[in-house]
2 protein chains.
Amino acid sequence: MQFPLREKIAGEIALSEQPGKTMRKWREELRITQTDLAHHMRVSPSVISDYEAGRRTSPGIKTIHRLVDALLEIDQRTGQKLSKRFEEYSDVIPSMRDWSVGMRAGDFLRRIDGKLLTQKLNTRRLVNGYTVIDSIKAITTLDATDYLRIYGSTSERALCFTGVKYGRSPMIAIKAHPLKPAMVVYVQPENIDELAMKLADLEGILLARTELDQVELISRLERIA
Amino acid sequence: MQFPLREKIAGEIALSEQPGKTMRKWREELRITQTDLAHHMRVSPSVISDYEAGRRTSPGIKTIHRLVDALLEIDQRTGQKLSKRFEEYSDVIPSMRDWSVGMRAGDFLRRIDGKLLTQKLNTRRLVNGYTVIDSIKAITTLDATDYLRIYGSTSERALCFTGVKYGRSPMIAIKAHPLKPAMVVYVQPENIDELAMKLADLEGILLARTELDQVELISRLERIA
DNA sequence: TGCCCCTCTCGGCACATGCCGATAGTCTCT
DNA sequence: AGAGACTATCGGCATGTGCCGAGAGGGGCA
């Protein structure tokens, strides 16, 4: 099985200012213990701890390579969190797609009658796809690691949450997750929490709302060339 | 400007068995000299040469980080090979798209009445998108680095070449390029060269042909959910 | 031919990585 | 309270990275 995620993770670690933290992020995301990981890599557990604590600031790529391989291999053997297929979740994710030609966030918003809630963040940012998520069902169905499935081939996408009360939980979930979308859209939200906006700002995510209902929204999204 | 390519390149180097070769591949792809790169990284040119020659087998991520940044920065300042937009090329690339849920290569082929030319390569390989390319126009319009644009958000895609005579040049171009597609489809080719098949085999790429004309092909492709 | 540019090779040095094992802290479960 | 699982901290050692500069080879072009 081919994992574009392999490169994604490796790249993220390699470019991270704090590679240790990034390593930890992914390890925890996959619910793997240091001890387990260490065994798979055939090193002592303290090595993992040392890396994650930042004792080595510029690990070599050999280390990265073995780390990523071990992470993914363990995940496949045990949880298989990553290798599950999307299809089982069609009720949680009623629609998603990636375009190959990114469109501007501003243009995307216009298509869905969206109103921006965050200021100053530039609307020329590119959006390469979208995912519509039923946030209620998501909470009950998906566990933390399942959130990976929300991201298609690109994380530079718009996540459209339906069934939003205050918009808190979605943003918190995003905050907690290693992959960040370019934009978050609340579909007919009852209210918008202050905290949600703050979090969006912190993460550099465009936050918007639309009053279209889910059916109309999806229909418009799917009409996008 | 956000570059998913940054991570892609970093990840590729990090996971490469011969990181030096991968570094060189990208540097040459962007037409940057060792000397130039070295200056930007504020190291002596011999350092670059040493890396590329493989004298260091496991460079640290700090090195990778600076390398990738330098490559992309130089490209932006000078050639801007990577930062050009897709849109200018609508005649060369009449259609392209990524799906977020990959489909099996075999299923893809069935959709377009494709016949596999390579054996043994498994048709269960996932295809995440496609690009239709007018190979004649491509030759005259795109230079080597422009080929990057052919790949959308994923390289695990099918490249469908129209206007193919022998199918040689497209495979050679692919051979020469760092990114490889999962599949190559020749649209109404006049003939199929032996060499093309050999190259496909070597690169682990599925090679296929279809007798649909471009209009019908694109219509079928765009009908895919 | 001679100059310039690009690249390669290599000895060599300081310092960081890669790794261990021992010790110790924090939970959770019983 | 104690056992067990997970993690953190750290001294220490061998090896490799990161980097330099000198020297040398190969084009291209005036």
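Note on naming: letters A, B, ... go to the chains in the order of the sequence lines (proteins, then strands), and numbering restarts at 1 for each one. Everything numeric here is computed off the predicted structure, so don't read it as measured data.
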| request: Identify, between V47(B) and S58(B), the residue whose nearest nucleotide on DNA chain D lies closer to the 5' end. | output: S58(B)
| query | So what does T33(B) hit on the nucleic acid, given a heavy-atom distance under 4.0 Å: a base, only sugar-phosphate, or nothing? | reply | sugar-phosphate
| Does T63(A) make a side-chain N or O approach to OP1 or OP2 of dG18(C) shorter than 4.0 Å? | yes
| query | Checking only heavy atoms, does the side chain of R56(A) share a donor-acceptor pair with the base of dG16(D) at less than 3.5 Å? | reply | no
| query | Expressed in angstrom and rounded to an integer, what is the separation of K21(A) atom NZ from dA8(D) atom P? | reply | 11 Å
| note | In whole angstroms, the gap separating P of dC6(D) from CD1 of I32(A) amounts to 13 Å
| query | So, Y130(B) versus S95(B): side-chain donor-acceptor pair below 3.5 Å or not? | reply | yes
| field | N/O donor-acceptor pair, side chain R42(B) with base dG18(D), under 3.5 angstrom | value | no
| Between I192(B) and M197(B), does a side-chain contact (heavy atoms from CB on, under 4.5 Å) hold up when you go through it step by step? | CA-CA 8 Å; I192(B) 303 275; M197(B) 308 219 270; 4.0 Å; yes
| Can you tell me how far C1' of dG18(D) sits from NZ of K62(B), to the nearest Å? | 11 Å
| 5' precedence on DNA chain C between V43(A) and T57(A) (nearest-nucleotide basis) | T57(A)
| request: Would you kindly give the NE2-to-P distance between H39(B) and dC20(D), to the nearest whole Å? | output: 10 Å
| request: May I have the distance from I48(A) (atom CD1) to dA8(D) (atom P), rounded to whole angstrom? | output: 11 Å
| field | d(OH, Y51(B); C1', dG18(D)) in whole Å | value | 5 Å
| said: Between dG21(C) and S46(A), counting only base atoms on the nucleotide and side-chain atoms on the residue, is there a donor-acceptor pair under 3.5 Å? | reply: yes
| message | If we check side chain to side chain donor-acceptor pair (under 3.5 Å) with E52(A), which of these qualifies: Q34(A), Q18(A), K25(A)? | response | Q34(A)
| field | Residue-phosphate contact under 4.0 Å: R27(A) side-chain N/O, dT7(D) OP1/OP2 | value | yes
| task | Answer yes or no: is there a donor N or O on one side and an acceptor on the other, between the side chain of T131(A) and the main chain of L159(A), under 3.5 Å? | result | no
| request: For R55(B) and dG18(D), give me the distance from atom CZ to atom C1', rounded to whole Å. | output: 10 Å
| Checking salt bridge (charged side-chain N to carboxylate O under 4.0 Å, His left out) against D69(A), which of K62(A), R6(A), R42(A) comes through? | R6(A)
| task | Would you kindly give the CG-to-P distance between D50(A) and dA8(D), to the nearest whole Å? | result | 10 Å
